[in-house]
Amino acid sequence: MNGVHDLGGMDGLGKVLPEPETEPPFHEPWEGRVLAIMRSLLGARAWNIDQFRFGFERLPPHVYLSATYYQKWFLGNEKLAIEYGLVT
């Protein structure tokens, strides 16, 4: 792989600072809804986990690098829902 999502071994991106394990598990309520959407779409077999991952791996580099974890999930699901004709 050679894409913006494949950051292993790259220099200059700074330290990864783990968050303390605290409740609630989401920063904002919408993040939990994105998780529910993703799990619902996978459960309904709208696409599989590999297609889901490929959805957000194709985001433009500037979007991928500036988006939060759940923003990437949302944008990937949005991209796939459009491509698969679930929404217009």
Side-chain angles (χ1 to χ4, degrees):
M1 290 191 191
N2 189 16
V4 69
H5 60 277
D6 186 32
L7 300 176
M10 290 184 127
D11 292 326
L13 296 173
K15 280 185 171 183
V16 174
L17 301 173
E19 293 185 15
E21 293 186 36
T22 60
E23 295 292 330
F26 304 108
H27 294 103
E28 300 289 335
W30 68 266
E31 293 177 335
R33 291 192 282 277
V34 170
L35 175 62
I37 290 168
M38 186 275 294
R39 292 181 70 172
S40 297
L41 290 166
L42 288 175
R45 296 195 167 108
W47 42 79
N48 64 39
I49 193 73
D50 296 319
Q51 292 164 311
F52 164 69
R53 182 177 173 128
F54 188 58
F56 64 80
E57 286 178 345
R58 292 181 290 141
L59 294 172
H62 71 282
V63 173
Y64 187 91
L65 291 173
S66 65
T68 67
Y69 186 74
Y70 287 106
Q71 284 172 332
K72 290 174 190 166
W73 281 26
F74 177 79
L75 295 170
N77 276 318
E78 177 186 51
K79 177 183 279 295
L80 290 173
I82 293 168
E83 290 174 359
Y84 285 76
L86 299 177
V87 298
T88 59

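Scope of the values below: all heavy atoms of this structure, side chains included, with no hydrogens, waters or symmetry mates.
Taking the ring axis of F56 as reference, the NZ or CZ atom of K79 does not stay both within 45° of it and closer than 6.0 Å to the ring centre.
Taking 4.5 Å as the limit, some side-chain heavy atom of E83 sits within range of a side-chain heavy atom of R58. Counting heavy atoms from C-beta on, the side chains of L41 and L80 never come closer than 4.5 Å. Proximity of M38 to L35: side-chain heavy atoms (C-beta onward) are separated by under 4.5 Å at one or more points. Residues F26 and Y70 meet the side-chain proximity criterion, which asks for heavy atoms closer than 4.5 Å.
Hydrophobic cluster membership is shared by I49 and Y69, with clusters built from Ile, Leu, Val, Met, Phe, Trp and Tyr side chains linked at under 4.5 angstrom. A chain of hydrophobic side-chain contacts below 4.5 Å, direct or via other Ile, Leu, Val, Met, Phe, Trp or Tyr residues, connects L75 to L42. A continuous path of hydrophobic side-chain contacts links F52 to Y64 [ILVMFWY only; heavy atoms under 4.5 Å]. V63 is not connected to I82 by any chain of hydrophobic side-chain contacts under 4.5 Å among Ile, Leu, Val, Met, Phe, Trp and Tyr, and they are in different clusters.
Atom NE2 of H27 is separated from atom OG1 of T68 by 8.5 Å, given to the nearest 0.5 angstrom. Considering NZ of K72 and CG of L65, their distance stands at 7.0 Å, rounded to 0.5 Å. Note: I37 CD1 to F74 CZ = 6.5 Å, rounded to the nearest 0.5 Å.
For the residue pair S66 and H62, the shortest heavy atom distance occurs at OG-O, 2.8 Å. Nearest heavy-atom pair across W47 and L86 is CZ3-CD1, 3.6 Å.
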